[in-house]
Enquirer: 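I have a structure here, written as structure tokens, and I will follow up with some questions on it.
Since we're looking at a predicted model, the values are computed, not measured. Residue indices begin at 1 and follow the sequence shown.
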Amino acid sequence: MGMSRRKFLWAAGVGAAASACSRAVPGQDPSTAPSTGLTSGTPTSRPAPVPPDWASLRARLGAGLSQPGSADFDTLRRSFNTLFDQRKPMAVAAVRTAEDVQACVEVARAAYLPIAARSGGHSYAGYSVPDSGLVVDLKAMSSVEVKGDGSAVIGAGARLIDVYTALAKAGRCLPGGSCPTVGIGGLTLGGGIGVLSRKFGLTCDKLRSAQVVTADGMLRTASAYSDDDLFWGLRGGGGGNFGIVTSFTFNTDPAPDLVVFTLTFPQGSAAEVVGAWQKWVAGAPDELWSNCVVSAGSPPKARVGGSFTGSPATLNQLLDTLVKSVRPISRTVGQRGYLDAMKYFGGCSTKSCTPTPPLREGFVASSRILGEPLRDPAGLEQLLSGRTGMDILLDSLGGAVGERKPADTAFPHRAALASAQIYRQATQESESEAAQSVAAVRDGLARLGATGGYVNYIEAAMPDWGVTYYGANLSRLRDVARKYDPDRVFNFAQSVHRA
């Protein structure tokens, strides 16, 4: 029996980087290639919709096309979050090549059929499983090739643990989330916060180019040198907005050893811990990444964890400055190699990194962004009062994340102190109450000064979600979407078309 995500977060000290384990991504995103004369966002004169041509798609995909009635359909249609088990797409297409993806897009475009890519299946709002639509399952497109120049070509369906394993064999690393089964696609397209963000930046900051099938069925290469506007949008503009990425090329860095740490504090000290942690991470060196997890209880309890790309002695000196104001009841520090550290943050010391059958959970979640320290840390503790089963996970930003300007990529929260994820386990029966509770905490954090939100923790009920997720970059994202998808082939409840 695998450890539940909530228990793991507390035991291993993983925050929003691991929050991606429930994270995910909205459907998925696109990429672009040599310019093909796309200049206007004017809708084309599309023919009237026709019934989906499943016969032609089956002729291409064979057993890779699964529909209701197929023996494996009810398993294949599911996402990570059990609350979306009622979603019923018309088909799931297991693709292996970019040409397979093009065939799927052509069928969906002709039939006016909802279509979404699924990489890891962790979309918080379930957008990778559209009702009465077509799921393009990228799982088989999972190759990882490290080049001699240190770049890595990664299939859009690769899971993080496989990415980290392949990179570590070559002595390289990529900053990213910690949940081992999250797909590289959704993580990158929404930004990519993780345990190495302060040292190396977001996942999307390492993107060199991306292969993408756009709404017209063309396979393009988006980079700083071709279709640079689309390349800009792919780096933090969220999944599902412009097309379906089939592969990414990343710059990588030499893999460092990491010192991982966990501090556990007494119940009743959460406000003091949050207050001290905010000041501490604001002045921390780029080599240190940290989170602060506050869990509901009577009273709430807090723990601080993280990683450091330096020596244990230097880290302990940094920790000493944190604990001067509030004493922990336990403190653990240990040095690990890059892959070992990523497995640690992924919970692989207590369960398989890719359990069979895949680990699934029911949860409701939302997010906020701390542009600056919370004005009243005690208010955060009060927000959790009486909310059994809820966590607020603060993950430090800053460092290399803030070296870029908000408009340099589509990810707008460059100057922020931290992200905040609000997470509550739920069942079908408790979903409504859990959603109300999460919304109350979300709005309470906004009153405390934490506005904004992280699109990789997308929430269907987020107020003013377009500006919340994309800030001043929203208008440009709309322009990119209109240019590459004027007919709104890639369209869902929170696509930038609708913001």
Enquirer: Identify, with sequence neighbours excluded, every residue that meets side-chain hydrogen bond (donor to acceptor under 3.5 Å, both in side chains) alongside Arg58.
Expert: Gln67
Enquirer: Using modelled atom types and a 3.5 Å cut-off, is there a donor and acceptor pairing between side-chain atoms of Asp485 and backbone atoms of Arg488?
Expert: yes
Enquirer: Would you find more than 12 non-hydrogen atoms of other residues, nucleotides or ligands less than 6.0 Å from Gln428 atom CD?
Expert: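 Yes.
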Enquirer: Taking the ring centre of each residue, are Phe242 and Phe490 less than 6.0 Å apart?
Expert: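 No; Phe490 has its ring centre 6.0 Å or more from that of Phe242.
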Enquirer: Let me confirm one number: the CG-CG distance from Asp85 to Asp74, rounded to the nearest 0.5 Å.
Expert: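 Taking CG in Asp85 and CG in Asp74, the distance rounds to 9.5 Å.
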Enquirer: Taking side chain to side chain contact (heavy atoms under 4.5 Å, CB included) as the definition, give me every residue that meets it alongside Ala426, ordered by chain and number, with sequence neighbours left out.
Expert: Leu83, Val364, Ser430, Ala434
Enquirer: Assess the residue pair Asp137 and Arg118 against the criterion (salt bridge (charged side-chain N to carboxylate O under 4.0 Å, His left out)); give the C-alpha distance rounded to whole Å, side-chain angles, the decisive distance to 0.1 Å, and a yes or no.
Expert: CA-CA 5 Å; Asp137 189 341; Arg118 184 175 67 192; 2.9 Å; yes
Enquirer: Which residues pass the salt bridge (Lys or Arg N to Asp or Glu O under 4.0 Å) test with Asp205, sequence neighbours left out?
Expert: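 In terms of salt bridge (Lys or Arg N to Asp or Glu O under 4.0 Å), with neighbours along the sequence ignored, Asp205 is linked to Arg404, Arg414.
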Enquirer: For Ser151, check side chain to side chain contact (heavy atoms under 4.5 Å, CB included) against everything at least two apart and list the hits.
Expert: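 So Ser151 forms a side chain to side chain contact (heavy atoms under 4.5 Å, CB included) with Lys147, Asp149, Arg208, Thr249.
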Enquirer: Any side-chain donor paired with an acceptor under 3.5 Å for Ser495 and Asn241?
Expert: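 On atom types as modelled, these side chains do not qualify, holding no pair under 3.5 Å.
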Enquirer: Would you say that more than 12 heavy atoms from the other residues, nucleotides or ligands in this model lie under 6.0 Å from the CZ of Arg60, or not?
Expert: yes
Enquirer: When rounded to the nearest 0.5 angstrom, what distance separates CZ in Phe345 from CG in Asn291?
Expert: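 One gets 7.5 Å once the value is rounded to the nearest 0.5 Å.
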Enquirer: Hey, what do you get for CG (Asn456) to SG (Cys204), rounding to the nearest 0.5 Å?
Expert: 9.5 Å
Enquirer: If you round to the nearest 0.5 Å, how far is CG of Leu393 from OG of Ser367?
Expert: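 Rounded to the nearest 0.5 Å, the OG-CG separation comes out at 11.5 Å.
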Enquirer: Test of understanding: with side-chain hydrogen bond (donor to acceptor under 3.5 Å, both in side chains), list the residues that count as partners of Arg87, not counting sequence neighbours.
Expert: none
Enquirer: Below 4.5 Å, heavy atoms only, C-beta onward: do Cys179 and Thr181 meet side chain to side chain?
Expert: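 Yes, their side chains come closer than 4.5 Å.
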Enquirer: Checking side-chain hydrogen bond (donor to acceptor under 3.5 Å, both in side chains) between Thr214 and each of Arg220, Lys483, Gln102, which is the one that passes?
Expert: Arg220
Enquirer: Taking atom OG1 of Thr97 and atom CE of Met141, what is their separation to the nearest 0.5 Å?
Expert: 6.5 Å
Enquirer: Give a yes/no verdict on a cation-pi contact between Arg482 and Tyr484, requiring under 6.0 Å between NZ or CZ and the six-membered ring centre and an angle within 45° of the axis.
Expert: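 No, Arg482 does not lie over the aromatic ring of Tyr484.
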Enquirer: Looking at residues at least two apart in the chain, or sitting in another chain, which of them share a side-chain hydrogen bond (donor to acceptor under 3.5 Å, both in side chains) with Asp253?
Expert: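 Listed in chain order: Lys206.
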